[in-house]
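For this chain, numbers begin at 1 and follow the sequence in order.
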Amino acid sequence: MNQFEGSVKIEDVIEDQSFYVGTTSGVSMYPMLRHRRDTVIVGPVEGKLKKYDVPVYKSDGKYIMHRVIKVMPDHYIIRGDNCINKEYVTQDMIIGKLDEFYRNPKDVSSDKMRDVKPVRMNGWKYKLYSSG
């Protein structure tokens with residue numbers, strides 16, 4: 001499972017700031033996201049998710065981020081890129097959605113980050129990766 005670090009409540013940060021920035025731990029979304037190396041930007045969910053969206057949801061008190069592989073009328077079927085088991089997630093479990101991520105930024109100061117290009121979840125690179 002791809003679990004977020006720390007004791008911050010991500011849902012509170014998203015509600016207060018409209019987004020959350022952090023890193024992940026775990027290998028369930030490898031090779032797209034790498035353990036404690038990539039920075040993710042999570043935003044609020046607006047409406048129903050679509051196939052290939054990557055929601056952040058809570059299960060057993062842990063934050064998990066896996067890809068939607070099928071949209072059902074009352075739930076989503078979700079799986080990590082590096083996992084074989086499917087998960088069944090309802091809308092009320094979801095607290096945010098991955099908007100973009102940065103590959104291995106070494107220095108996240110504002111001066112250095114302006115030159116780093118994010119991988120956007122609505123961009124062609126992600127669409128090619130997730131559908132392949």
Side-chain angles (χ1 to χ4, degrees):
M1 283 193 247
N2 209 27
Q3 180 181 327
F4 288 85
E5 294 286 335
S7 60
V8 170
K9 292 182 102 182
I10 296 172
E11 57 270 39
D12 292 344
V13 175
I14 292 172
E15 185 177 327
D16 186 50
Q17 302 294 320
S18 299
F19 66 95
Y20 169 83
V21 178
T23 59
T24 62
S25 68
V27 296
S28 66
M29 286 301 288
Y30 183 83
M32 187 176 90
L33 296 173
R34 296 164 305 161
H35 176 69
R36 298 183 188 202
R37 290 178 63 189
D38 301 322
T39 300
V40 295
I41 312 295
V42 178
V45 175
E46 297 171 5
K48 195 148 174 86
L49 295 173
K50 298 180 207 88
K51 186 175 181 178
Y52 304 127
D53 282 346
V54 180
V56 175
Y57 58 98
K58 267 186 142 170
S59 179
D60 296 325
K62 294 181 180 180
Y63 293 102
I64 302 170
M65 183 169 53
H66 289 158
R67 186 180 325 284
V68 173
I69 58 173
K70 189 166 186 178
V71 177
M72 304 299 288
D74 61 344
H75 67 280
Y76 302 98
I77 300 174
I78 294 178
R79 181 173 50 216
D81 289 358
N82 197 24
C83 299
I84 57 172
N85 294 331
K86 297 175 184 175
E87 300 163 72
Y88 302 91
V89 176
T90 57
Q91 189 73 33
D92 63 320
M93 296 167 68
I94 297 170
I95 60 162
K97 182 177 82 165
L98 182 63
D99 287 335
E100 59 189 42
F101 65 94
Y102 293 85
R103 297 295 277 170
N104 200 28
K106 295 190 180 3
D107 183 354
V108 293
S109 67
S110 60
D111 290 341
K112 303 285 184 193
M113 285 302 284
R114 82 179 109 176
D115 297 328
V116 177
K117 302 288 187 242
V119 175
R120 298 189 195 286
M121 304 313 284
N122 61 358
W124 69 270
K125 288 180 184 179
Y126 174 72
K127 288 179 182 177
L128 181 65
Y129 170 82
S130 63
S131 63

ask   = Distance from R103 atom CZ to L33 atom CG, nearest 0.5 Å?
value = 7.0 Å
query = Is I69 reachable from V56 through a run of hydrophobic residues whose side-chain heavy atoms are each under 4.5 Å from the next?
reply = no
key: K50 atom NZ, neighbour heavy-atom count above 12 within 6.0 Å   = no
query = Do K9 and Y20 have side-chain heavy atoms sitting under 4.5 Å apart?
reply = no
ask   = Do M121 and V54 come close enough that some side-chain heavy atom pair is under 4.5 Å?
value = yes
query = Would you say the side chain of M29 lies within less than 4.5 Å of the side chain of L98, judging by non-hydrogen atoms?
reply = no
query = Which value, rounded to the nearest 0.5 Å, describes the distance between I95 atom CD1 and M65 atom CE?
reply = 10.5 Å
query = Any sub-3.5 Å donor-acceptor pair from H35's side-chain atoms to G26's backbone N or O?
reply = yes
4.5 Å side-chain heavy-atom contact, D38 and T24 = no
key: Closest non-hydrogen atom pair between G96 and I14, with its separation   = CA-CD1, 4.1 Å
key: From NZ (K48) to CG (D53), nearest 0.5 Å   = 11.5 Å
key: Any donor-acceptor N/O pair, Y52 side chain to Y126 backbone, under 3.5 Å   = no
key: Y57 side chain vs V89 backbone, donor-acceptor pair below 3.5 Å   = no
I77-V71 co-clustered via ILVMFWY side chain contacts under 4.5 Å = no
request  = Can you measure from CG (N82) to NE2 (H66) and round to the nearest 0.5 angstrom?
outcome  = 9.0 Å
key: side-chain hydrogen bond (donor to acceptor under 3.5 Å, both in side chains) partners of D16, counting only residues at least two apart   = none
request  = State whether a side-chain donor-acceptor pair under 3.5 Å links Y76 with Q91.
outcome  = yes
ask   = How long is the span from the CG atom in D99 to the OG atom in S18, to the nearest 0.5 Å?
value = 11.0 Å
Minimum side-chain heavy-atom gap I78-P55 below 4.5 Å = yes
task = Output every pair passing salt bridge (Lys or Arg N to Asp or Glu O under 4.0 Å) with a member in residues 66-81, not counting sequence neighbours, ordered by first then second residue.
result = R67-D81
inquiry  = Assigning hydrophobic clusters by single linkage (Ile, Leu, Val, Met, Phe, Trp, Tyr; side-chain heavy-atom cutoff under 4.5 Å), is M93 placed with Y88?
reply    = no
query = Judged by atom type as modelled, is there a donor-acceptor pair below 3.5 Å linking the side chain of R34 to the main-chain atoms of V27?
reply = no
query = Hey, what do you get for OG1 (T39) to CZ (F101), rounding to the nearest 0.5 Å?
reply = 11.0 Å
